[in-house]
Protein chains: 2
Amino acid sequence: MSKKPTLRDVSRVTGLSMWTVSRALGDLSGVSSDTRETVRQAAAELGYVPNRVAQELRKNTRRSVAVITASTSNYYYINMMKGIQRTLRPTGRTAVVADIAAEGVYTRELEDATVQDLIQSRAAGVIATLTLSLDSVELLEKWDIPVVFVDSDPPAEAAMVPAITMDNFAASVEVGAHLAGHGYRDWLFLAYPSRWSTRADRERGIRHASERFQANLEVIESENDVESAYATLSAHLDHGSLPRAIVAANNPMVHGALRVLHERSFAVPDQVALIGYDDFDWAPLLNPALTVLDQDSEDIGVQAAQILTRIIEDQIQSERNGRPPRPAYQPADRRRVEPRLIVRRSCGC
Amino acid sequence: MSKKPTLRDVSRVTGLSMWTVSRALGDLSGVSSDTRETVRQAAAELGYVPNRVAQELRKNTRRSVAVITASTSNYYYINMMKGIQRTLRPTGRTAVVADIAAEGVYTRELEDATVQDLIQSRAAGVIATLTLSLDSVELLEKWDIPVVFVDSDPPAEAAMVPAITMDNFAASVEVGAHLAGHGYRDWLFLAYPSRWSTRADRERGIRHASERFQANLEVIESENDVESAYATLSAHLDHGSLPRAIVAANNPMVHGALRVLHERSFAVPDQVALIGYDDFDWAPLLNPALTVLDQDSEDIGVQAAQILTRIIEDQIQSERNGRPPRPAYQPADRRRVEPRLIVRRSCGC
DNA sequence: CGGTCATCCCTAATCGTTTAGGAAGCCCCT
DNA sequence: AGGGGCTTCCTAAACGATTAGGGATGACCG
C-alpha cells in the first residue's frame with residue numbers, strides 16, 4: 001500500500017465529516033446507527049486502521065509502562081514480567097523492558113539516558129527493579145510519570161514512592177537459623193553489589209544470625225552476574241578454606257556457586273551446604289534439589305502493576321477534572337511480601 | 001509540572017522561531033552556533049524534553065520492533081531477546097514483546113488482534129517466533145511492516161519472507177544417530193504441537209533416523225508448556241512401557257520430562273537416556289548434565305535483528321527517494337544456522 | 001404557532017513537532 | 001552597480017487524529 005488510508009479518506013469516501021467518522025468508529029454518541037454502519041463498511045473496505053501515534057498526541061494518552069532492570073540474566077525477573085504483562089493486558093497498556101546495564105555493567109550515564117528516553121516517549125509509568133538515583137525519580141515525577149519500585153527501595157529522600165519489597169532482614173535471619181539448626185557454624189555469604197538495595201538487608205540479616213547463633217561468617221562480593229560470581233568464589237576458595245555452608249544471595253550468585261562446586265566436585269550438602277535466594281523453575285531438578293529463600297516474584301509483578309495502574313487511572317481522572325495529574329502515592333502502596341523458605345535437599349535436609 | 005514546556009515555549013522564551021529552535025536542538029544546519037547555544041541554554045533551563053510522539057507523527061518514523069512469541073515459559077527465547085536487544089540498541093529502536101498466547105494457549109483471535117495492534121501503533125518491524133497466518137503476513141506487508149521469522153517458517157505462500165531457521169531435519173537425524181550409537185533401539189519422541197513449524201522437521205528427522213537405525217519410535221504430543229509435557233508423559237508411561245531413550249523436542253518438553261523422571265526415580269541415563277533440544281543455562285548443572293541439540297539462539301536473535309534493520313533502513317531510503325517503502329526481501333535473507341549436539345551425560349556418554 | 005429539546009452532523013481549532021518555500025542581509029566578483 | 005551565492009532565520013502548512021462549539025431538522029408540548 002503506497003499511501004495508507006486515513007480518517008480523511010474514510011470521510012471523503014462516505015461524504016461525511018471527520019467528526020462523524022471519528023465518533024462512529026470510536027463508538028461514541030452522536031451518530032445514528034445507520035451512519036455508523038455506513039462508516040464501518042467504508043472503513044473496512046478501505047482497509048483503514050487508525051493511527052495510534054496521532055491519537056496519543058491528540059488525546060495526550062500514554063501507552064507503555066517501562067520496566068527498568070539491570071540484569072537480564074536473572075531469571076527472577078522473568079516471572080515478574082509474566083505477572084506484569086498479565087496485569088497490564090486488560091488495561092491496554094504495554095510493558096517494555098529498559099535494561100540500564102549495557103553488556104552487563106550498570107552505568108549512571110545509561111540510567112540517565114534511559115530516563116530521558118522514557119520521558120521523551122511519554123511513558124505511562126515505570127516499574128523499577130533497582131534503586132534509581134534521586135535525580136531520576138524527581139525528573140520522572142516532574143513529568144508526572146509514576147514510579148513503583150519492586151524488590152528494591154526508592155532513594156531515601158523519596159520516601160513516598162511505592163515499593164514492593166520483601167523483609168530481607170528477616171529472610172536472612174531465617175536462612176541463618178536454618179543453617180544453625182543443621183549445626184553448621186562456618187558460613188560464607190556470596191553477595192552482589194549494594195547498588196541493589198536488597199543487598200544491605202540480606203547481609204545485615206545473615207550477620208545478625210551469625211552472631212545470634214555464634215557462627216563464623218565471611219562475606220564476599222561479586223558483580224551481579226554468573227561469570228563474576230563464579231570467578232569470585234573460585235578465587236576465594238583458592239585462598240581460604242571451604243566453609244560448611246554457602247549462602248548465595250540471589251539467582252546469579254547461586255548459579256556461579258553451583259558451577260564452582262560442580263567443577264571441584266564438592267559433595268553438596270555433605271561437604272558443603274548451599275542455600276540460595278529466589279526460587280526458579282529448575283531448582284527442584286538440580287542435584288541436590290536446591291533449598292531457597294523465595295518470594296513470589298510473579299505476584300510481586302502483579303501487585304506492582306496493579307498499584308501503577310491505579311495511580312495512572314487516578315492521574316487520568318485528575319486531569320479530566322482539571323486538577324494537575326501529579327501521581328498520588330499512598331502510604332498503603334509501600335508493601336511487604338512474606339519470604340518463605342523452600343526446603344529441599346541442598347541445605348542438608 | 002502542571003504544564004510541560006513545548007517547543008513553542010522555547011521559541012517564545014528565546015524570541016526565535018520554532019523553525020530555528022527545532023533545527024538548533026536537532027543539530028541540523030542553518031543555525032549559527034551562537035544561536036544554537038542560546039537555544040540549548042533556554043531549553044535546558046525550561047526543562048524542555050521533545051515529545052517523541054509528535055515527532056513520530058510528523059516525521060512518519062517508527063520506533064518499535066515487535067517480537068511475537070507464544071510461550072513465555074520457554075527460556076530459548078530469552079537468549080534470543082538478548083541478541084535482539086543488543087543489535088537494536090544502536091539503531092535507536094526498541095524491542096517489545098507481544099505474546100499471542102493468553103494464559104498459555106494460542107488463539108487465532110489473539111493473533112489477529114495483536115497484528116491489528118501492531119499496525120495501529122505503526123510498528124517498524126516484526127520478528128515472529130512462530131508461523132503466522134498468511135492473512136497476518138499479508139496484512140503486515142500491506143502496511144509496509146517487514147517481518148522476519150526465526151526458528152519457524154513463513155506460511156508456505158509467502159516464500160520470500162526472510163527466516164532464520166535451523167536444519168531441524170538434519171538435527172533430529174543427528175540426535176537419532178547418537179542414540180543409535182549408544183545401542184538404544186527404543187525411542188520416545190515428546191513433541192509440542194505442529195503450530196510451531198519446527199515440529200514437523202524435527203519429527204521427520206527422528207522418524208528417518210529410527211528407520212535407518214532400525215529403532216522403535218513412538219511419538220507423543222503435548223501442549224507447548226511444562227505442565228502439559230509433564231502430564232502427557234506421565235499418562236503415557238502409565239500405560240506403555242519405559243523407552244530406552246526419550247527425546248524431548250524443546251525446552252518445556254525437557255522440563256516436563258525431567259520432572260516425571262525425577263518423580264519416578266528413574267536412573268538417567270542408565271535406565272532411560274534423555275536428549276533435549278535447545279541449550280539453557282542450567283543444563284550443565286543438572287544431574288546428570290543434560291545432552292542437548294543446540295542452536296545458538298542469541299546469535300539467531302542478532303541475525304534476525306540485523307536483517308530486519310537492513311530492510312527498515314532500505315525502506316527509509318526508498319521513501320526518501322520517493323519510491324514506495326515496500327519491504328525489500330532478498331533471497332539471502334533466508335538463512336540456516338547449524339545445529340550442534342552438545343554432549344553431556346544424560347545421553348549415556 | 002412559538003418555544004424547548006434531543007438528535008445528528010459539521011466547521012475549524014488543536015495536540016507538538018518538522019519542513020517546504022521564501023526573505024533578508026552580507027560578501028564577493030565582474 | 002548588478003547579480004550570484006551563502007548563511008541565517010521566518011511564515012505557515014503539514015502529519016492524523018479528537019473535540020469545543022454550533023447549526024439544522026424534526027418532534028413534542030402547551
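We use all heavy atoms of the structure for the numbers below, so side chains are in, but hydrogens, waters and symmetry mates are not. In what follows, chains are A, B, ... by sequence order, proteins preceding strands, each numbered from 1. A quick note: this is a predicted structure, and the numbers were derived from the prediction, not measured.
For A:Ser152, the side-chain contact (heavy atoms from CB on, under 4.5 Å) criterion is met by A:Thr131, A:Phe149, A:Ser197, not counting sequence neighbours. Every residue two or more places apart in sequence or in another chain was checked for a side chain to side chain donor-acceptor pair (under 3.5 Å) with A:Tyr329, and none qualifies. Legend: residues meeting side-chain contact (heavy atoms from CB on, under 4.5 Å) with B:Gln303, ordered by chain and number and at least two apart, are B:Ile164, B:Asp299, B:Arg335, B:Val337. Applying the side-chain contact (heavy atoms from CB on, under 4.5 Å) criterion to B:Arg122, with sequence neighbours excluded, gives A:Val49, A:Asn51, B:Arg62, B:Ile119, B:Trp143. Scored by the side chain to side chain donor-acceptor pair (under 3.5 Å) test, A:Asp9 finds A:Arg12 as partners (sequence neighbours excluded). For B:Glu45, the side-chain contact (heavy atoms from CB on, under 4.5 Å) test picks out B:Gln41, with sequence neighbours left out. With sequence neighbours excluded, the residues that form a side chain to side chain donor-acceptor pair (under 3.5 Å) with A:Ser17 are A:Thr20.
Put simply, CE on A:Met18 is 13 Å from P on D:dT19, counting in whole angstrom units. D:dT11 atom P lies 14 Å from atom CG of B:Leu7, rounded to whole Å. What separates CG of B:Leu25 from P of D:dC9 is a distance of 13 Å, to the nearest Å.
A salt bridge does not link A:Arg89 to B:Asp99: none of the charged nitrogens lies less than 4.0 Å from a carboxylate oxygen. Salt-bridge formation is not detected for the pair B:Glu313/B:Arg310: no Lys NZ or Arg NE/NH1/NH2 atom is positioned less than 4.0 Å from an Asp or Glu carboxylate oxygen.
The shortest side-chain heavy-atom distance between B:Gln55 and B:Thr61 does not fall under the 4.5 Å cut-off.
Within residues 50-58 of chain B, the residues having any heavy atom under 4.0 Å from DNA chain D are, by residue number, B:Leu57, B:Arg58.
Across all strands shown, A:Thr20 has heavy atoms under 4.0 Å from sugar-phosphate atoms exclusively, and none from any base. Across all strands shown, B:Thr35 has heavy atoms under 4.0 Å from sugar-phosphate atoms exclusively, and none from any base.
For B:Arg52 (side chain) and A:Leu118 (main-chain N/O), no donor-acceptor pair under 3.5 Å exists by modelled atom type. Using modelled atom types, no side-chain atom of A:Ser11 and backbone atom of A:Leu7 make a donor-acceptor pair closer than 3.5 Å.
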message = Does A:Asp117 form a side-chain contact (heavy atoms from CB on, under 4.5 Å) with B:Thr94? I'd like the steps, not just the answer.
response = CA-CA 11 Å; A:Asp117 188 272; B:Thr94 323; 5.6 Å; no

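Annotation: of the two residues near DNA chain D, A:Arg23 and B:Gly15, the 5′-most nearest-nucleotide partner is B:Gly15.
Within the helix from C:dC1-D:dG30 to C:dT30-D:dA1, the inter-axis angle between the opening and closing five-pair segments is 60°, rounded to 10°.
For D:dT18, the OP1/OP2 oxygens have a side-chain nitrogen or oxygen of A:Ser22 closer than 4.0 Å. Regarding contacts with the backbone of D:dC10, a side-chain N or O of B:Ser17 is found under 4.0 angstrom from either OP1 or OP2.
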Look for any protein N or O under 3.5 Å of an N or O in nucleotides 5-7 of chain D and output each such pair with its distance, or none.
none

Any N/O pairs under 3.5 Å between the protein and nucleotides 20-24 of chain D? List them or say none.
unit_1, atom_1, unit_2, atom_2, d
D:dA20, N6, A:Trp19, NE1, 3.2

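Closest non-hydrogen pair, B:Val97 versus B:Met81, comes out as CG1-CE, 3.9 Å.
Within a 6.0 Å radius of CZ in B:Arg8, no more than 12 heavy atoms belonging to other residues, nucleotides or ligands are found.
Looking at A:Val147, A:Asp333, A:Ile316 one by one, the single match for side chain to side chain contact (heavy atoms under 4.5 Å, CB included) with A:Ile311 turns out to be A:Asp333.
In 5' to 3' order, the nucleotides of DNA chain C bounding all contacts with chain B (an atom under 4.0 Å from a heavy atom) are C:dG16 to C:dG21.
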